[in-house]
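This report refers to the structure that appears directly beneath it.
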Amino acid sequence: QKLDEMSPTARKCYVYLNQTSRSFAAVIQALDGDLRHAVCIFYLVLRALDTVEDDMTIPLKDKVQMLQNFYKNLESPDWKYMDSKDKDRIVLEDFPTISTEYRGLDEHYREVISDICHKMGDGMSEVLQTEVITLQDWNMYCHYVAGLVGIGLSKLFSASKLEDPIVGKDTQLSNSMGLFLQKTNIIRDYLEDNIDKREFWPRDVWSKYGKKLSDFQEKENITPALHCLNELITNALEHVPDVIKYMSRLRNQTVFNFCAIPQVMAIATLAKCYNNRNVFSGVVKIRKGQAVGLMMEATCFQSLRRILYKYAREIGKTIPPGDPSAPKTQKIISTVTSLG
Ligand SMILES: O=C(O)CO[C@@H](C(=O)O)[C@@H](OCCCCCc1ccc2ccccc2c1)C(=O)NCCCCCc1ccc2ccccc2c1
Ligand SMILES: [Mg+2]
Ligand SMILES: [Mg+2]
């Protein structure tokens, strides 16, 4: 469906998609059939919800109400929010355009999007008032903001008939798809989140290596800082077997590319972050050329597995002697590289 056949509101949604998402816009727009528009709207609705979650200027009480009631805005043609300062505020200021396109979707897609939006809003409002202490808390937070996205996407894939019903049913694997991406973001964004005074690294882990999470920015603390970083990366890698199993079930090429590309970017990012002191002084990003190469290669299951092995082996080669997580890191690496 070309841009000129699209309604003005549909066209605006793709403008907002490209404006608010560097990493997902291209792969969403390449999806087949009516799945493309459903995923585009799913993205914009959740980006609007996340923009409320990320806005630290909204008083806690108001934010809890906004998050818990957000899904109801999908049925309110005039609802919008004009007081955001966030980089992505356009999706809140012109929410009527997004909700108009949402109401035009097939009702199977609407059901999934509304349900995930409701669950994510409730989850965000719950964890907003608590700190991420245990690894279970970490998994819970990532489930609410990204695991639910994977679960919703998988249900959209099956509802579109482009993928088998099992893809939408197996929520354990879909959840892992999201956790791997979100944990990678949280690990990579240590400094950015520290500047915004947001803490997503689990306290049970970092408190073994320092008194305050911000201590890791001090040069004299670099060794315990790297041990903490390597422990979290090892934890994130535990999701890779589920990612491989999830990907092995996909049959539609555009769905495969959509799912594979964020995953290979994530493991390449983890490999670059592993034992890398730059995580504590700047943002570690993989080079554009490397990213383009990965996108072109990750188009079938065998080459996806080869890429995941390659980065897993790369991490395995840089495990520092005396690193407390070394045995566990070695174990998950050999598990991933031995998957038949
Ligand atoms: O504000 C920012 O710029 C970053 O926000 C992060 C945060 O606040 O933690 C954080 O916000 C999370 C809450 C909103 C989630 C919005 C989202 C993201 C990607 C989608 C892809 C397709 C369809 C819908 C989607 C919805 C964020 O964007 N983290 C990036 C990782 C999230 C991955 C979501 C995800 C999960 C499973 C997937 C499976 C297959 C393909 C893509 C997948 C994408
Ligand atoms: Mg965000
Ligand atoms: Mg957020």
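Quick caveat: nothing in here was measured; it's all calculated off a predicted structure. Residue indices begin at 1 and follow the sequence shown. Order of listing sets the numbers, starting from 1, for every ligand and every atom in it.
- Residue pairs meeting the ring-ring contact (aromatic ring centres under 6.0 Å, His included) criterion with at least one partner in residues 99-138, sequence neighbours excluded, are Tyr71-His118.
- Protein heavy atom nearest atom 20 (C) of ligand 1, with residue, atom name and distance: Tyr43 CD1, 3.6 Å.
- Counting atoms of ligand 1 from 1 in the listed order, those under 4.0 Å from a heavy atom of Gly150 are 36 (C), 37 (C).
- The minimum heavy-atom distance linking Met6 with Arg11 is given by the pair O-NH2, 3.3 Å.
- A salt bridge is absent between Asp86 and Arg89: the closest approach of a Lys/Arg side-chain nitrogen to an acidic carboxylate oxygen does not fall below 4.0 angstrom.
- If you look at the Mg ion (ligand 2), the protein N, O or S atoms less than 2.8 Å from it are Asp50 OD2, Asp54 OD2.
- Ligand 1 has an N or O atom lying under 3.5 Å from an N or O atom of Asp54, backbone or side chain.
- Regarding atom 33 (C) of ligand 1, its nearest protein heavy-atom neighbour is Leu181 CD1, 3.9 Å.
- Relative orientation of the Trp79 and Phe70 rings is perpendicular, given thresholds of 30° and 60° on the angle between their planes.
- Of the protein's non-hydrogen atoms, Asp50 OD2, 4.0 Å is the one closest to atom 6 (C) of ligand 1.
- Looking only at distances, no side-chain donor or acceptor of Lys155 sits under 3.5 Å from a matching main-chain atom of Glu111.
- Here is the list of ligand 1 atoms found below 4.0 Å of a heavy atom in Asn185: 29 (N), 30 (C).
- Scanning for side chain to side chain donor-acceptor pair (under 3.5 Å) contacts around Gln129 gives an empty result, with sequence neighbours left out.
- Every atom of ligand 1 is numbered from 1 in the order shown, and the set under 4.0 Å from a heavy atom of Gly178 is 36 (C), 37 (C).
- Not a single N or O atom of Gln263, backbone or side chain, sits closer than 3.5 Å to an N or O atom of ligand 1.
- Side-chain contact of Lys328 with Asn235: a donor-acceptor pair under 3.5 Å is absent, judged by distance alone.
- Val336 and Leu179 fall into different hydrophobic clusters, defined by Ile, Leu, Val, Met, Phe, Trp and Tyr side-chain heavy atoms under 4.5 Å apart, directly or through other members.
- Of the protein's heavy atoms, Phe258 CE2, 3.4 Å lies nearest to atom 41 (C) of ligand 1.
- Asn221 and Asp215 share no donor-acceptor pair across their side chains, judged by distance under 3.5 Å alone.
- Given atom 28 (O) of ligand 1, the protein heavy atom at minimum distance is Arg47 NH2, 2.8 Å.
- Ring geometry, Phe280 versus Tyr190: the interplanar angle exceeds 60°, so the pair is classed perpendicular (tilted spans 30 to 60°).
- Within the listing of ligand 1, atoms 1 (O), 2 (C), 3 (O) sit less than 4.0 angstrom from a heavy atom of Lys87.
- The option from Leu153, Ile116, Val145 that lies nearest to atom 39 (C) of ligand 1, judged by heavy atoms, is Leu153.
- Here the shortest heavy-atom distance to atom 34 (C) of ligand 1, taken over Thr184, Val149, Ile186, Leu250, belongs to Val149.
- Contacts of Arg249 classified as side chain to side chain contact (heavy atoms under 4.5 Å, CB included), with partners at least two apart in sequence or in another chain: Ile166, Val167, Asp170, Leu173, Lys245.
- For atom 10 (C) of ligand 1, the closest non-hydrogen atom of the protein is Gln182 OE1, 3.6 Å.
- For ligand 1, the polar-atom distance check against Asp88 finds no nitrogen or oxygen pair separated by under 3.5 Å.
- A side-chain N or O of Tyr246 and one of Ser154 form a donor-acceptor pair less than 3.5 Å apart.
- Under 4.0 Å is where a charged nitrogen must lie from a carboxylate oxygen, and between Arg198 and Asp54 at least one such pair does.
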